[in-house]
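Sequence positions, counted from 1, serve as the residue numbers for this chain.
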Amino acid sequence: QGNVPTPSVRNQLLTAVPEYQYALQAFPLPNAPFAAGATVGSYSGLASLIRNDNHFDAKGDIVLSDNGRLSISYSHGVPYQQTPRYYINDPQIYANTLDRGNVSYIIGGAQWTSETRFGYNRTIQDRLDQFFNLIDPKNGNEATPYGRRLPDLQTNLGWSGPTAEINHSGGPFWQIEEKFARYVGHH
């Protein structure tokens, strides 16, 4: 649900600047009653939120000796979410990947214990507003990456256009640690 320009405002904008047609194509027409001469109408519609998670976990422990154990774990996930928005053809998409692994070796004696651990975590998140993928049909040649995307239309009339963004974040993280404990005194 959201505020959209009324047909009369669309016509006024297109008469003044015909190129606004590319930005205005993102707006559905109002489907609720509005006052004569209004600049803003209301649109309400239904769409499905899509979520899924392709996920896998594995863990194993190997006893190497009476006092030594090797533990290995791995997780992989590919969560995905598509969130509908009231703009036409403009869902917001989150596409992520996660790979996480851990190897630890624990050994101990009567008065001491030691753990050596290696961990790896790689998380990548991409968020994309689909409006960002729309290219100016008058000139599809991009001299600069993303330079021919459609402009956003922001107003103070009670409605504004969809934001268009691509956001890529994440990366690898490594961790190595050693823990050593020794009992001292009486327990």
Side-chain angles (χ1 to χ4, degrees), residues 1-5 10 19-32 40-62 70-105 115 117-155 157-177:
Q1 176 176 332
N3 291 338
V4 295
R10 280 179 191 260
E19 285 75 23
Y20 280 169
Q21 68 180 324
Y22 303 119
L24 288 171
Q25 74 184 2
F27 293 95
L29 292 172
N31 60 4
V40 64
S42 180
Y43 173 81
S44 182
L46 296 175
S48 295
L49 172 73
I50 299 169
R51 285 186 185 167
N52 59 50
D53 184 8
N54 182 3
H55 192 83
F56 172 80
D57 290 326
K59 180 165 178 27
D61 293 325
I62 303 167
L70 182 69
S71 295
I72 302 170
S73 64
Y74 174 73
S75 293
H76 173 76
V78 187
Y80 174 88
Q81 177 176 310
Q82 181 176 312
T83 306
R85 301 196 294 182
Y86 69 90
Y87 300 111
I88 296 172
N89 296 325
D90 187 36
Q92 189 172 65
I93 294 175
Y94 289 87
N96 305 309
T97 58
L98 164 72
D99 288 294
R100 181 177 60 225
N102 182 55
V103 176
S104 66
Y105 178 67
E115 177 185 10
R117 180 182 171 280
F118 170 76
Y120 173 76
N121 187 347
R122 182 179 87 39
T123 303
I124 302 293
Q125 175 177 296
D126 289 317
R127 186 186 76 224
L128 174 64
D129 302 324
Q130 286 299 305
F131 188 78
F132 185 81
N133 285 332
L134 300 177
I135 297 174
D136 182 353
K138 286 184 172 181
N139 184 359
N141 299 325
E142 289 185 332
T144 305
Y146 311 113
R148 298 306 309 165
R149 298 305 188 249
L150 292 181
D152 186 10
L153 187 59
Q154 297 293 316
T155 75
L157 302 173
W159 54 269
S160 287
T163 57
E165 180 179 47
I166 184 170
N167 183 325
H168 175 80
S169 61
F173 176 74
W174 303 82
Q175 183 178 18
I176 299 173
E177 62 183 66

Just by modelled atom types, is the Gly158 backbone N or O under 3.5 Å from a matching donor or acceptor in the Asn3 side chain?
yes
Please determine whether side-chain contact (heavy atoms from CB on, under 4.5 Å) holds for the pair Leu29 and Arg10, giving the CA-CA distance in whole Å, both sets of side-chain angles, and the decisive distance to 0.1 Å.
CA-CA 10 Å; Leu29 292 172; Arg10 280 179 191 260; 3.4 Å; yes
Between CD on residue Gln82 and CG on residue Leu128, distance to nearest 0.5 Å:
10.0 Å
Tell me yes or no: between the side chains of Thr123 and Gln125, is some donor less than 3.5 Å from an acceptor?
no
What residues form a salt bridge (charged side-chain N to carboxylate O under 4.0 Å, His left out) with Asp99, not counting sequence neighbours?
Arg122
Quick one: closest heavy-atom pair of Gly119 and Asn102, and the distance?
CA-OD1, 4.1 Å
Would you call Pro172 and Tyr120 a side-chain contact if the rule is heavy atoms closer than 4.5 Å?
yes
Hits for side chain to side chain contact (heavy atoms under 4.5 Å, CB included) against Ile176, two or more places apart or cross-chain, chain-then-number order -> Phe118
For the residue pair Pro5 and Leu157, establish whether any side-chain heavy-atom pair is separated by less than 4.5 Å.
no
Close side-chain approach of Ile124 and His168, heavy atoms under 4.5 Å:
yes
When you measure from the side chain of Asp90 to the backbone N and O of Phe131, does any donor-acceptor pair fall under 3.5 Å?
yes
Under 3.5 Å, is there a donor-acceptor pair between the side chain of Ser160 and the main chain of Thr155?
yes
Supply the atom-to-atom distance Asn96 CG to Asp53 CG, rounded to the nearest 0.5 angstrom.
9.0 Å
Backbone of Ser44 reached by a side-chain donor or acceptor of Asn31 within 3.5 Å:
yes
Got a salt bridge between Asp61 and Lys59, using NZ or NE/NH1/NH2 to carboxylate O under 4.0 Å?
yes
Measuring from Ile93:CD1 to Asp126:CG, what's the distance to the nearest 0.5 Å?
11.0 Å
For Tyr20, does the OH atom sit with more than 12 other heavy atoms under 6.0 Å from it, leaving out its own atoms?
no
Which distance, rounded to the nearest 0.5 Å, do you find between the CG of Asn121 and the CG of Leu98?
6.0 Å
Minimum heavy-atom distance Ala47-Pro84, with the two atoms named
CB-CB, 3.4 Å
Between His76 and Val78, is the side-chain contact (heavy atoms from CB on, under 4.5 Å) condition met? List the steps.
CA-CA 7 Å; His76 173 76; Val78 187; 3.4 Å; yes
Rounded to the nearest 0.5 Å, the CH2 atom of Trp159 sits from the CZ atom of Phe27 at a distance of 5.0 Å
Could you check whether any side-chain N or O of Arg100 sits under 3.5 Å from a backbone N or O of Ser75, counting only pairs where one atom can act as donor and the other as acceptor?
no
Does Asn133 form a side-chain contact (heavy atoms from CB on, under 4.5 Å) with Asn89? I'd like the steps, not just the answer.
CA-CA 10 Å; Asn133 285 332; Asn89 296 325; over 6 Å; no
Just verifying a value: how many Å separate Asp129 CG and Arg85 CZ, rounded to the nearest 0.5 Å?
4.0 Å
